[in-house]
Structures are given as structure tokens and as C-alpha cells.
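The next block holds one structure in the form of C-alpha cells; read it before the comments.
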2 protein chains.
Amino acid sequence: MFGSLWSLPVSESRPRIIPEATVARLAVYLRVLAGLAGDGRSHVSSGELATAAGVNPAGLRKDLSYLGPCGVRGVGYSVSGLRERLTTALGGERSRPCVVVGLGRLGAALADYAGFASRGFEFVGLLDADPQRVGDCVGGCTVRPIADLESVVADTEAAIGVITTPAEVAQSVCDRLVAAGVRSILNFAPVALTVPPGVDVRKVDLSVELQVLAFLDQQRDGGRQPVTVPVHAGLGAQR
Amino acid sequence: MFGSLWSLPVSESRPRIIPEATVARLAVYLRVLAGLAGDGRSHVSSGELATAAGVNPAGLRKDLSYLGPCGVRGVGYSVSGLRERLTTALGGERSRPCVVVGLGRLGAALADYAGFASRGFEFVGLLDADPQRVGDCVGGCTVRPIADLESVVADTEAAIGVITTPAEVAQSVCDRLVAAGVRSILNFAPVALTVPPGVDVRKVDLSVELQVLAFLDQQRDGGRQPVTVPVHAGLGAQR
DNA sequence: AACCGCTTGTGAACGCAGGAACAAAGTCGC
DNA sequence: GCGACTTTGTTCCTGCGTTCACAAGCGGTT
Ligand SMILES: NC(=O)c1ccc[n+]([C@@H]2O[C@H](COP(=O)([O-])OP(=O)(O)OC[C@H]3O[C@@H](n4cnc5c(N)ncnc54)[C@H](O)[C@@H]3O)[C@@H](O)[C@H]2O)c1
Ligand SMILES: NC(=O)c1ccc[n+]([C@@H]2O[C@H](COP(=O)([O-])OP(=O)(O)OC[C@H]3O[C@@H](n4cnc5c(N)ncnc54)[C@H](O)[C@@H]3O)[C@@H](O)[C@H]2O)c1
């Protein structure tokens, strides 16, 4: 009875689950390591890496510990070794096809950005409802009509869908992407998308970012505003 | 840290600090409320608001409770009343001047986006180092040379600085913004900016978002489950 | 070969966020 | 006018994430 518990519940060697917050930071470490490798560095300490990534050294070590021991005590981490380790942990360096729906200003900026290709993300499908945009060439790929969504997803075997359409149509676009087989979605439209289980959605909300900054600003200089409604303005200070 | 900060006699019992995660959600609620007001709704329940915002109803009520009681039991929240309350809490509806440094694809998309103005964020200063871009008109504002940074910040009394330059120059741009008086910075360049105390930085890292999606995708494929979609409908996992 | 300094890896504590359950309170129907 | 229903506001609790601190391990040195 107890013996079976001790043997192995469901886990194997080192497949401990990695918190999502840690995964996000691992991606940052990987980028910093790429820069270090370009500078010809062979080893790096947790302190230096942490400074470059803007995090706490102890937290960085704990993050890396999810991958098992990958440093040498007294020396630090091998840049190339750690880079390889992180790359594999984050999903390998294989190419990941992505589709972008809605090639307005934001969508076009994303599709044209060279920084994604170096990480394995290739924008192989561009879709828009505007006939004037269809046929345009953005980042080496031609914009196709939204009616082709299903076939484009199928042909390219796209793993990630990026939604940069107006908010009103974002949910319907999302539904079509999911139905076509996309299971990872990056949403820039200011709406909360509803998806079936098994589909991951990440939302980037730039208005919220600005609003949080505005809040922190107001909180910082609490009483510099003699304007409207001063009654309830008693918030605590700092940070 | 300094708990004694709110020990002074405040008649209103609202000295509790608002967690940053809550602030971000408050901004989302505010946007949803704007849509509801446009539909002519006068009242809304926490459940409905939570569904539209993609969060848990109990969590929503807890978020709102940081502002004090602002709903009516048995009825719900007044759309206009809550909207006003949230607007005040998030920094008022006064215009917040912003400057954008680096008007490439991404910077131009931001400066030209109409959705920010409705929240009080006005892009009153656009700066770029490329002589070819200087003089361009983006979103009703003229691009000026980067040498004018200090004078533009001073003239517009800009509260927020948005950095969309290449990563190599982001830190120097940041330093100049801070020296010019900007205390809130939204950074899109893939570097960790160093700023003096009293300055807030928010970073938007799109590569990391994609990388996290790739990781979740790989993790999911460990079981290699097809697109099943069981009858367990309801709310999908947001975030 | 042993020592010493440096760095990693991990265990424990703390604080925070999220979720569920429950009591208060106000409204609607009769 | 009163009861019952609806919805809020709050409290408790659980789990996660972050930080501190320290023991363990490795390289270089004597
Ligand atoms: N541009 C920004 O800085 C910014 C900032 C925050 C949020 N956003 C959000 O990102 C989204 C896009 O912003 P934008 O500035 O690029 O807008 P945009 O109007 O420039 O682009 C939207 C594009 O989507 C296309 N489109 C419309 N309906 C479609 C459909 N049903 N199927 C496919 N394509 C369709 C349009 O033809 C257009 O090309 C919006 O939801 C916006 O709220 C943008
Ligand atoms: N476009 C994207 O989708 C995307 C995605 C992720 C990250 N980013 C990051 O956002 C930033 C901008 O991306 P982009 O695609 O708009 O690049 P871009 O090259 O199109 O634009 C950069 C702009 O900055 C200007 N610039 C260069 N040096 C400057 C300086 N010293 N002072 C002022 N302006 C200067 C350039 O003239 C150019 O107009 C980059 O750091 C990039 O890594 C962009």
C-alpha cells in the first residue's frame, strides 16, 4: 500500500511542473544569453544574469533549478550549455508557424518584425477582411482574404494564432481559429475571449498598461491635483 | 513597509493600498462598463461584469471592495456610478500627455491608435532619430528629431514615456526621458531598463508571450490529446 | 593533499492573490 | 407592511510565488 506511493505516483525523472511566471522569465534569460554568446562569453554567474534580466539572483537560480542542476558551483553557468537547456525546455528551436488575423497597423508591425524569426516564430499566414489589404506583401508573406482562414491554418499547420482585429470580431475570429485547429492564441483586441478547454489564450492589453502607469503616477504624488472630487482621494503612498 | 504612513486621522476608511494586479483588472472593468453604458444599461451585476471581463465574480467584488462599497445589494452596480468611481480611482479622466520615442512600425501603430485617446492618453510628442521620419504626421502629431526630446517633454509636461526604439538605444533614451522629468515609462524594447527610485517602468515583451504559448503547447503535447472539446462548456480559461 | 573562497542549489518563511462560502442589506412581490 | 429573494461585501482558507539564508560542491592555491 505505502510502497506503491513511494515508488512513483505519475512523475518520472525531472518533469516537475514549471510555473508560468517562471517560464516567462526563462524566455528572458534565453535572450540575455544570446547577447552574451554574441559577446564571446563562455561562463556567467547567476548574479550577472540576474542583473541583465532585471530579477533577483536567488529567484533566477530557483527558476533554473526547475530544469535540474545546470550550473557548476564555484564557477557559474556555461553560456552555451544553459542556452541549449533553456531552448529545449521552452519548446525546442524548431520553427513554429503562426498566423496573424487583422493586418492593420499593429498586425502589420508584428508580421514585419524580424525579432520573432530568430526565436523560431514564423508568420506564415496573414489574413484580413479588407480587400484593399489582401495581396499586400508584409514581411515576405502575402495577405490573404479572411475566407481562407481555415485552409491557411490547415496548410501551414499553424500552431499559434495572433488576433489583431477590431474587438467586435475578435471572438468570432477566435472561434474560427480554434475550430481550424489552433490551440494557442495571442490576443491584442480589448476583449476577454472565451475558448474551450485545451486552448491557451494570452492577452496583451496596452490600454491597461498605460492605465496602471497612470494609477501609479497618481499614487506617487498623491495631492498634486486640486481638481475634481477630492473627497475620496485618501490612498496610501509609495510603490 | 512603512505601515505608519496611514496612521494619520483619515475619516474615510479607505486607506488600504490597491494591489497592482487589482489595478490592472479595474482598468478592464472600466472598459467593459464603457461598452455597457453605450448599450444603455443602467445597472449590472458582479456576475455579468465578471463574465464580460473574464474573471471570477467573487474576485471582481473583492477588487471593487478596495474602493469601498459602491454597489447596491440585491440590485447590482450602477453603471454610471461605478464608472465614475473607477475613473477617479485610476487617476481621473484628466488628459495624460504621452511621448513616444522611436516611430518605427510599432511606435507608429501606437501613436496612431484611437483607442488611447478615449481613456485620456494623448500622444503629444513623437520623437525619432531617423531624418526621413522627422516631419511625418502620425495620428495628428508631427514627428520631431530626437534632439528635441528634452524640450518636447518640458513643453508638453509629458507624464508617460513610451519607448519603441531598438533595444541598443533603449537605456539611453530612458535615461534622457527620466532626466527630462518623465516618471512613468512603457518599454517595448527587449531589455531590462534601469531607472532611479520613484520612476515606474512597465515592460511589454511580445517575444516572451509567444514563447510562453510555445511552452504551453509543448507541455500539452506531452499527452498528445486531440482537439476533443468535451461537453464541459462554460467559461474558458482566460489569462 | 588539504584549505579557502566562490557560486550553485534548495529548504523554510513570508506575503499575496484567488476562490469558495456566508452574513448583511436592500428590493420586489403580495 | 411583511416575507422572501437577490446580490453585495467580507472572511476564511488554500495554494503560489518570492525572498532570505545556508549548506553543499567545485576550482584554484599553497
Ligand atoms: N494599434 C495599437 O496601438 C493598439 C493598441 C491597443 C490595442 N489595439 C487593438 O489591436 C487591434 C488592432 O488594432 P489596429 O490599430 O491594428 O487596428 P486597424 O484598424 O489598423 O487594423 C484592424 C485590421 O483588422 C482587419 N479586420 C477587420 N475585421 C476583420 C475580420 N472580421 N477578419 C479579419 N480582419 C479584419 C481590418 O481590415 C484592419 O486591417 C484592435 O482590437 C485594437 O483595439 C491596438
Ligand atoms: N514590431 C514588433 O512587432 C515588435 C515586437 C516585439 C518587440 N519589438 C521591439 O520594439 C522596438 C521597435 O520595434 P519596431 O518594429 O517598431 O522597429 P523599427 O526599426 O521599425 O523602429 C525603430 C524606430 O526607432 C528609431 N530610432 C532608432 N534609434 C533611435 C534613437 N536613438 N532615438 C530615437 N529613435 C530611434 C528608428 O529610426 C525607427 O524609426 C524594438 O526594440 C523591437 O525589438 C517590436
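Letters A, B, ... mirror the listed sequences (proteins, then strands); counts begin at 1. No hydrogens, no waters, no symmetry mates; every other heavy atom, side chains included, goes into these values.
One finds the CG atom of D63(A) at 11.0 Å from the CG atom of L49(A) (value rounded to the nearest 0.5 Å). To the nearest 0.5 Å, atom CD1 of residue I160(A) and atom CG of residue L213(B) are 5.0 Å apart. Taken to the nearest 0.5 Å, the CZ atom of R183(A) stands 5.5 Å off from the CG atom of D217(B).
Considering only residues two or more places apart in sequence or on other chains, R61(B) meets the side chain to side chain contact (heavy atoms under 4.5 Å, CB included) condition with S46(B), P57(B), A58(B), Y77(B). For the side chain to side chain contact (heavy atoms under 4.5 Å, CB included) test, residues two or more places apart in sequence or in another chain that qualify with V182(A) are V153(A), L177(A), I185(A). In terms of the salt bridge (Lys or Arg N to Asp or Glu O under 4.0 Å) criterion, residue partners of E48(A) (sequence neighbours excluded) are, by chain and number, R41(A). Scanning for side chain to side chain contact (heavy atoms under 4.5 Å, CB included) contacts around A37(B) gives V79(B), R83(B), with sequence neighbours left out. Judged as a salt bridge (Lys or Arg N to Asp or Glu O under 4.0 Å), and not counting sequence neighbours, the contacts of R176(B) are E150(B). Residues that satisfy the salt bridge (Lys or Arg N to Asp or Glu O under 4.0 Å) test with R119(A), not counting sequence neighbours, are absent from this structure. Residues meeting the ring pair (Phe, Tyr, Trp, His ring centres under 6.0 Å) test with F116(A), sequence neighbours left out: Y113(A), F123(A).
Near DNA chain D, defined here as any heavy-atom distance below 4.0 Å, there are no residues from residues 202-209 of chain B. In the region residues 42-59 of chain A, proximity to DNA chain C at under 4.0 angstrom, judged on heavy atoms, holds for S45(A), S46(A).
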(Q) Within the 4.0 Å limit for protein heavy atoms, which parts of nucleotides 22-30 of chain D are touched? Write it as a string from 5' to 3', B for base, S for sugar-phosphate only, - for none. (A) --BBBS---

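Between the OH atom of Y29(B) and the P atom of dT8(D) there is a distance of 13 Å, rounded to whole Å. Put simply, CZ on R25(A) is 12 Å from C1' on dT19(D), counting in whole angstrom units. For L60(B) and dT8(D), the CG to C1' distance is 11 Å, given to the nearest whole Å. Between the OH atom of Y66(B) and the C1' atom of dC16(C) there is a distance of 9 Å, rounded to whole Å. One atom, CD1 of I17(B), and another, C1' of dC16(C), lie 10 Å apart when rounded to the nearest Å.
Applying the salt bridge (Lys or Arg N to Asp or Glu O under 4.0 Å) test to residues at least two apart or on different chains, the pairs with a partner in residues 205-214 of chain B are R31(A)-D205(B), R202(A)-E209(B), K203(B)-D205(B).
Summarising the local packing, CD of E93(B) is surrounded by 12 or fewer heavy atoms from other residues, nucleotides or ligands at distances under 6.0 Å.
Between dG9(C) and Y77(A), a contact under 4.0 Å exists linking OP1 or OP2 to a side-chain N or O.
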Any protein N or O atoms within reach of nucleotides 11-13 of chain C? Criterion: under 3.5 Å, listing atom names and distances.
{"from": "dA12(C)", "atom 1": "N6", "to": "K62(A)", "atom 2": "NZ", "distance (Å)": "3.0"}

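With DNA chain D read from its 5' end, the first of the two nearest nucleotides for G71(B) and A21(A) is the one closest to G71(B).
T165(A) places no side-chain N or O within donor-acceptor distance of the main-chain N or O of G102(A), the cut-off being under 3.5 Å.
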